[in-house]
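To start, the structure under review is shown below, and the notes come after it.
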Amino acid sequence: MKVTVFSNDGSSSVQVANGLTQKLINTGFVLDAEHPDVVITVGGDGTLLSAFHRYAHDLAHIRFIGVHTGHLGFYTDWRDFEVDDLVVALQEDLGQSISYPLLEVKIEYADTHETSRNLALNEVTLRRYAATLRTDVYIKENFFESFRGDGLCISTPTGSTAYSKSIGGAVLHPRLDAMQMTEIASINNRVYRTLSAPIVLPSDEWLLLKPSETSDYVVTIDQFTYKDRPIAAMQFKIAKERIQFARYRHTHFWNRVEDAFIGSKHEI
């Protein structure tokens, strides 16, 4: 098994990553950052997002493990003081994994008509900061609504607990192969009207945005930001690729939600 350790720049994360790397070497694991079988991230959910995009070209052959140097994250099953147990779990590895759906976004640019394809683990947003976003929204081939407002967020089930939730989206279980569109400060009055509620689409449907002609759009794909390109269209669907996590132990999704947003168990 070829393993690599991917860390953020925080001092505590670097210290844990260095210690873990040495333990892996001492145990006989092959370290390979170019073609790993397992990627161990040390930091938080943001670190795992960075590692996901680093290895997005080879997701079919890679399993991820998250080690958190703070409190438990949505993508991290291990704490920094459990690295010895993690190494033992790696030694006993039988290839077990759990996979989550990803979002595919294709962006057609109006100035060149070229199309880029990207994957998102959490979400993609389309916004304009200096003016109102205007875009027609299609579901499959059918026109759905004309949106006016600050922007739109399209998220995966795991991403539904991130930015989408903060703007009123529902929390989706990651076993659902679905994506969610959530409005960001939509305009609703006598002239303009949207559904004004999140919508959830299954894996056999897709979403198409056709924004008005302008060049000051801001697109975010997870933690990456792209600006100042005229966009002709954006198409979203559940990707054929999936992210795989090594499943030595796995925290139940609703336990993660409870820990992150409620924080204490209650006796009933």
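Fair warning: this is a prediction, and the values are worked out from it, not measured in the lab.
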* Asked: Is there a path from Leu152 to Val200 through hydrophobic residues (I, L, V, M, F, W, Y) whose side chains come within less than 4.5 Å of each other?
  -> no

* Asked: Below 4.0 angstrom, N of the basic side chain to O of the carboxylate: do Glu104 and Arg242 qualify?
  -> no

* To do: Please check if the side chain of Glu145 supplies one atom and the backbone of Leu195 the other of a donor-acceptor pair under 3.5 Å.
  => yes

* To do: Enter the distance from Gln235:CD to Leu208:CG here, rounded to the nearest 0.5 Å.
  => 6.5 Å

* To do: Show the numbers, then the answer: is there a salt bridge (charged side-chain N to carboxylate O under 4.0 Å, His left out) between Arg63 and Asp93?
  => CA-CA 12 Å; Arg63 290 176 296 151; Asp93 180 84; 2.9 Å; yes

* Report the C-alpha distance between Thr115 and Ile107 in whole Å, list the side-chain angles of each, state the deciding distance to 0.1 Å, and finish with yes or no for side chain to side chain contact (heavy atoms under 4.5 Å, CB included). => CA-CA 5 Å; Thr115 300; Ile107 306 175; 6.0 Å; no

* Asked: Applying the 4.5 Å side-chain criterion to the ILVMFWY set and letting contacts propagate, would Val219 and Val105 be lumped into a single cluster?
  -> yes

* Does a side-chain heavy-atom distance below 4.5 Å link Pro36 with Ile62? -> yes

* Do side-chain atoms of Asp37 reach the backbone of Lys2 as a donor and acceptor pair under 3.5 angstrom? -> yes

* **Carboxylate-amine/guanidinium contact Glu114 Arg229, below 4.0 Å** => yes

* Return the orientation label for the Phe261 and Phe74 ring planes: parallel under 30°, perpendicular over 60°, tilted otherwise. => tilted

* Gap separating the CZ atom of Phe29 from the CG atom of Leu20, nearest 0.5 angstrom -> 10.0 Å

* To do: Could you check whether the rings of Tyr248 and Trp78 sit parallel, tilted or perpendicular, using 30° and 60° as the cut-offs?
  => perpendicular

* Structure fact -> Taken to the nearest 0.5 Å, the spacing of Glu183 CD from Ile167 CD1 works out to 9.0 Å

* Asked: Are a donor atom and an acceptor atom from the side chains of Asn26 and Gln22 found within less than 3.5 Å of each other?
  -> yes

* **Inter-residue atom distance Asn122.CG - Asp45.CG, 0.5 Å rounding** => 7.5 Å

* Donor on one side chain, acceptor on other, Thr220 and Thr125, under 3.5 Å -> yes

* To do: Give the intermediate values and the outcome of salt bridge (charged side-chain N to carboxylate O under 4.0 Å, His left out) for residues Arg117 and Glu108.
  => CA-CA 9 Å; Arg117 178 182 184 269; Glu108 180 186 351; over 6 Å; no

* Asked: Between Lys23 and Asp84, is there a side-chain N and carboxylate O pair less than 4.0 Å apart?
  -> yes

* Take Ser212 and Tyr217 through the test side chain to side chain contact (heavy atoms under 4.5 Å, CB included) and record every step on the way to the result. => CA-CA 10 Å; Ser212 59; Tyr217 290 113; 3.3 Å; yes

* Could you give me the CA-CA distance, side-chain angles and deciding distance for Val5 and Val42, then say whether side chain to side chain contact (heavy atoms under 4.5 Å, CB included) is met? => CA-CA 7 Å; Val5 178; Val42 180; 3.9 Å; yes

* Do Gln223 and Ser50 have side-chain N/O donor and acceptor atoms under 3.5 Å apart? -> yes

* Structure fact -> CZ of Phe52 to CG of Asp222, rounded to nearest 0.5 Å, is 6.5 Å

* To do: Kindly say whether Lys210 contributes a backbone atom to a donor-acceptor pair with the side chain of Thr135 at under 3.5 angstrom?
  => yes

* Asked: Under 3.5 Å, is there a donor-acceptor pair between the Ser160 and Ser155 side chains?
  -> no

* Is there a side-chain contact between Pro101 and Pro157, using heavy atoms and a 4.5 Å cut-off? -> yes

* Is it possible for you to say whether Leu119 and Phe245 belong to one hydrophobic cluster, with membership spreading through side-chain heavy-atom contacts below 4.5 Å? => yes

* Answer yes or no: is there a donor N or O on one side and an acceptor on the other, between the side chain of Ser13 and the main chain of Asp9, under 3.5 Å? => no

* **Within-4.5 Å side-chain heavy-atom neighbours: Leu90 and Leu24** => yes

* Mind checking whether Ile65 and Leu86 have side chains closer than 4.5 Å, heavy atoms only? -> yes

* Structure fact -> From the list Thr41, Thr47, Thr158, side chain to side chain donor-acceptor pair (under 3.5 Å) with Tyr75 holds only for Thr158

* Taking the side chain as every heavy atom from C-beta outward, state whether Leu207 and Val137 have any pair of such atoms under 4.5 Å apart. => yes

* Structure fact -> Of Thr156, Thr182, Val171, the one forming a side chain to side chain contact (heavy atoms under 4.5 Å, CB included) with Ser164 is Thr182

* Are His35 and Asp32 close enough that a side-chain donor and a side-chain acceptor fall under 3.5 Å? -> no

* Are Leu49 and Phe64 joined in one hydrophobic group, where the rule is that I, L, V, M, F, W and Y side chains link up if heavy atoms are under 4.5 Å apart? -> yes

* Structure fact -> Of Met181, Met234, Lys237, Glu123, the one forming a side chain to side chain contact (heavy atoms under 4.5 Å, CB included) with Ile154 is Met181

* To do: May I ask you to decide if Ser146's main-chain N or O and Asp136's side chain share a donor-acceptor pair within less than 3.5 Å?
  => no

* Check the hydrophobic clustering (I, L, V, M, F, W, Y; side-chain heavy atoms under 4.5 Å; chains of links allowed) and say if Val87 and Val67 are grouped together. => yes

* Closest contact, heavy atoms only, Gly149 versus Thr132 -> N-CG2, 3.4 Å

* Before giving the answer on side chain to side chain contact (heavy atoms under 4.5 Å, CB included), spell out for Ile184 and Tyr163 the whole-Å C-alpha distance, their side-chain angles and the decisive distance to 0.1 Å. => CA-CA 10 Å; Ile184 308 171; Tyr163 182 56; 3.6 Å; yes

* Between His68 (side chain) and Gly43 (backbone), is there a donor-acceptor pair under 3.5 Å? -> yes

* Asked: Taking side chain as C-beta onward, heavy atoms only, is Leu121 less than 4.5 Å from Leu102?
  -> yes

* Between Phe144 and Tyr138, ring centroids under 6.0 Å -> no

* Asked: Within the side chain of Gln96, is there an N or O that forms a donor-acceptor pair under 3.5 Å with the backbone of Leu94?
  -> yes

* **Asp216 bridged to Arg128 by N-O distance under 4.0 Å** => yes

* Distance (rounded to the nearest 0.5 Å) between Arg134 CZ and Ile187 CD1 -> 10.0 Å

* To do: Please state whether the rings of His53 and Phe224 are parallel, tilted or perpendicular, taking 30° and 60° as the class boundaries.
  => perpendicular

* To do: Without swapping roles, check the side chain of Thr194 against the backbone of Ser196 for a donor-acceptor pair under 3.5 Å.
  => yes

* Answer yes or no on whether Lys106 is positioned over the face of Phe236, meaning its NZ or CZ is under 6.0 Å from the six-membered ring centre and within 45° of the axis. => no

* To do: Could you tell me whether the side chains of Asp228 and Ser215 share a donor-acceptor contact shorter than 3.5 Å?
  => no

